[in-house]
Amino acid sequence: MNTRYNFRENEIKWQQAWSEASVYKAEENSPKYYVLEMFPYPSGRLHMGHVRNYIIGDVIARYKRCCGYSVLHPMGWDAFGLPAENAAIQHKVHPQTWTLENVRLMKEEFESLGISYDWSREILSCSPDYYVHEQKIFLDFLKKGIAYRKESFVNWDPVEGTVLANEQVIDGKGWRSGAPIERRKLSQWFLKITDFAQELLDDLAQLDHWPEQVKTMQVNWIGRSEGARIQFPLLEREETLEVFTTRPDTIFGAAFIGISPDHPFIENLAKTIPALQTFIAECRAMGTSQKELDTAEKKGFNTGLFVRHPFLKDVKLPIYVANFVLMDYGTGIVFGCPAHDLRDYEFALKYTLPVLPVVKGPSDSPLPYEGEGILINSHFLNGLETQEAKKVAIEHLVKEKIGASEVTYKLRDWGVSRQRYWGCPIPIIHCSHCGIVPVPEDQLPVVLPQDVVFDQPGNPLDLHPTWKIVDCPQCNKPAERETDTFDTFIESSWYFARFCSPHALQPFEKDKAEFWMPVDQYIGGIEHAILHLLYSRFFTKALKACGYWTLSEPFKNLLTQGMVCHETYQDQTGSWLYPHEVEKQEGRFVKISDNTPITVGRSEKMSKSKFNVVPAAKIVEEYGADTARLFMLSDSPPERDFEWTEAGIEGSWRYINKLWRLVTSHLSEIKNIKREERPLQLTPNAIKIQKLTHKTLFHVTQDIERFHYNRYIARLREFSNSLEEFSPSNPSEWWALNEALHTLVLIVSPALPHLAEALWAELGHPPFIINQPWPKTEAEYLTEDKVTIAIQVNGKMRGAFEISPRLEEEEARALILDLPFVKPHVQDKVIKKFIYIQGKIANVVL
RNA sequence: GCCCGCUUGGUGGAAUGGUAGACACAACAGACUUAAAAUCUGUCGAUCGCAAGGUCGUGCCAGUUCGAGUCUGGCAGCGGGCACCA
């Protein structure tokens, strides 16, 4: 008998055996269970941050397989994206070469972890086999009116002559050039997610197995608000300005009109006012991110124009261009009511505009008062409450034909054009005669050209000498291809459907997709709570609208797992260092190569950019896949952040060996015991072990189903600790131990598949344990005769007491009041209340 | 700035409103060993006490309750997202 478990030999042996037997191949049998972890961007090598995501999914996939489900558990690569282009610029390597090499390395590492993927369904999103379908879907969206073109702003780096991602804009400057970034308008493709806003909002109610916080974030993001559209006629002009407001009740407190610098009215007006042009330029001299816009100083420009108040013919309001008014929300024009809106209030102070209170709140509420109350100074609204006043105000607007109630959403349409090479080409041809012409479906895919260079700024597709030159499919005259590519969020918005029929000639086969979908359990980082999940929900609905399927929600259950964190290290030059380049000496961290001191930064999300990653390959090499898996599961619950420590992994390795010894040391005694032949008489010790076995099984099953994996592992440890202490002395006790050990091996298998497989073989069974049914809990072994309950006096713990969990209050009361640690506190005082919860607690209230 | 979370020993964490600290990690002490590794045993929130035992303790301040880590309100610190990172 080996006292050390040989993981190297075992893990490879079983991985090969599983692969040869194709045990993870998904077959379309009911009942089905679709487990999906968010597919990774192939950034290089797998680190422990990735691993956590996949192990969490693998445990549930393996468990459900044992429970008799036909499990679909696929994996693929979200392979388009910016880092490949950055690598191309930095290391002079083609994005495709770089990406495919990363995929190769990461796949090897996946395989070494023993995850139960059906690799026959692998998806590579940068392959034309995949993106051809995306181009087809886009053309269908175009037909259906879901895709359209409009102008919008991008981050423009004037030095590089390139569009930058928000990530590449640091403190308003280009990350490479350092030049101040400006917002520039481009004509781009959009998807009409706003048409689905109400459906996206309403259907959240169906998602009762999604975390509340994720649903709340999506509700806020969609941002439905009910309000009114109100027309303000311009003085001395024939035009009117249309305003959206959620507070039509405060209309009589209006002090000014605020209009977005990007509004066509203003752009038009600026043609004759140079100072306004300067102001607009100032507003655009920053990036496009919401944070930047929100935190910028609030500024206005007085146009000198006025509108008339809609209800008060002799009141005129000045029109300001205001940098905080967004063109994308409402109508791009607001009316300012300084007394009841903080931003308007600050604006009014700055430009000395009147502040007229129109809502009376609680007596001491200072201005601005944003809450509800009774209307004052408001003519026909006086005396009404806020909600009623809104209704009455809208009635008046409608009656006078100068406005109406309206619902708006914060959600904006999804801009999908990117001025980049490494993405899916947009299948469109621009013809000077025919305009925008879709590429005919029989000419798909539009394939990315390979021969591109990255030695000049701008989009390599745009600079390519021949690729974009084509004949117009309609008039055959020379035309040009669209050189923008798709946002990479598109690939991840439908890949879950592709996995259902990954080799289909259409995007997916309807019957297969409808068999497997929705994903029963989706698992990924909380950082995707809004964008990726909302886009996927939208795609599902848009595909439904185009007749692809009848599904309306893609993910039934969602688990958002926390991040794996690690300290960051920087040497004296400020360069980031990998954890393995650093060593602790006499309480201080130094660089191993030259012993110079290291600055230790706070622990944060493992990320390649800060080098604070622990490569999965290193851990698997040193300790084996099962140890890595165990450690990822044992310490933190999946939803929480996880702190990687080298010390913890050692403890997991010790436990793997402990399990190995626990089972293998008893082999000779138990090899002839038949599990199904339960002895007629069990000794009290045998009954104890039997009860413990079933209790453990019960809790472990519940813990796995609820994703309480850390408790699952803790239960396993408690169970094996008890089994270690147990020394059987007669056949019934050996029988009980044999049953316990078999159960133990079966219930560790979702977490530690290699070890479980090895132990199953040691116990004399043929492969594979991973195909064995999950053991059943028998209720008769779960009841207890005696439990320890807590005894309190006036809510304060005074002791514990062993009692039958079914004892009635009257009997219990007599026993408890007589206890030595209760009596002195009670003495002859009057007992006001006696609280007794069977099997739980008693509280004597004096 | 806006939206969403999180905060419990030296550390990770456990606890259907009912004995706070399960299960581990680290540390310390000991056993085995020529020695080391491995393994095993014990101690391990703070504080008072010779002891029995007492008092305090779940970021901070209030509240609800017989009873609050758990529910409610407020505050602080940290993290995630903010539409072109994925």
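Letters A, B, ... are given to chains in the order of the sequence lines, protein chains preceding strands, and every chain is numbered from 1.
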Return a table of donor-acceptor pairs under 3.5 angstrom between the side chains of residues 184-191 of chain A and protein atoms on other chains or two or more places apart.
from, atom 1, to, atom 2, distance (Å)
A:Lys185, NZ, A:Glu267, OE1, 3.3
A:Lys185, NZ, A:Glu267, OE2, 2.9
A:Gln188, OE1, A:Gln419, NE2, 3.1
A:Gln188, NE2, A:Ser152, OG, 3.0
A:Trp189, NE1, A:Glu482, OE1, 2.8

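Using a cutoff of 4.0 Å between basic side-chain nitrogens and carboxylate oxygens, A:Arg284 and A:Asp262 are scored as salt-bridged.
In this structure, CD1 of A:Ile526 is placed 13 Å from P of B:rC4, rounded to the nearest angstrom. In this entry the distance linking CD of A:Gln218 with C1' of B:rC82 reads 14 Å, nearest Å. Counting to the nearest Å, the P atom of B:rG53 and the NE2 atom of A:His825 are 12 Å from each other. The interatomic distance linking A:Met217 (CE) with B:rC3 (P) rounds to 13 Å, in whole Å. Atom CG of A:Leu692 is separated from atom C1' of B:rA22 by 14 Å (rounded to the nearest Å). With rounding to whole Å, A:His528 atom NE2 is found 10 Å from B:rC82 atom P. In this structure, NZ of A:Lys291 is placed 11 Å from P of B:rA83, rounded to the nearest angstrom. In this structure, CG of A:Leu531 is placed 16 Å from P of B:rG80, rounded to the nearest angstrom.
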_Contact pattern, 5' to 3', of nucleotides 71-76 of chain B - B, S or - by protein heavy atom under 4.0 Å_ = ------
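Taking the six-membered ring for Trp and the full ring otherwise, the centers of A:Trp414 and A:Tyr535 sit less than 6.0 Å from each other.
No hydrogens or angles considered: nothing links the side chains of A:Asn710 and A:Asp635 as a donor-acceptor pair under 3.5 Å.
Among the heavy atoms of the strands, none lies under 4.0 Å from A:Arg715. Among the atoms of the strands shown, none is found under 4.0 Å from any heavy atom of A:Ser492. Across all strands shown, A:Val844 has no heavy atoms under 4.0 Å from either base or sugar-phosphate atoms.
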Close N or O pairs between protein and nucleotides 62-68 of chain B (under 3.5 Å):
from, atom 1, to, atom 2, distance (Å)
B:rC66, OP1, A:Lys833, NZ, 3.3
B:rC66, O2', A:Asn843, ND2, 3.2
B:rC66, O2, A:Asn843, ND2, 2.5

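Applying the 90° criterion around 0 to the glycosidic angle, B:rG53 comes out anti.
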_Between A:Tyr495 and A:Phe39, does the ring-ring contact (aromatic ring centres under 6.0 Å, His included) criterion hold? Intermediate values first, please._
CA-CA 9 Å; A:Tyr495 77 113; A:Phe39 69 159; 3.8 Å; yes
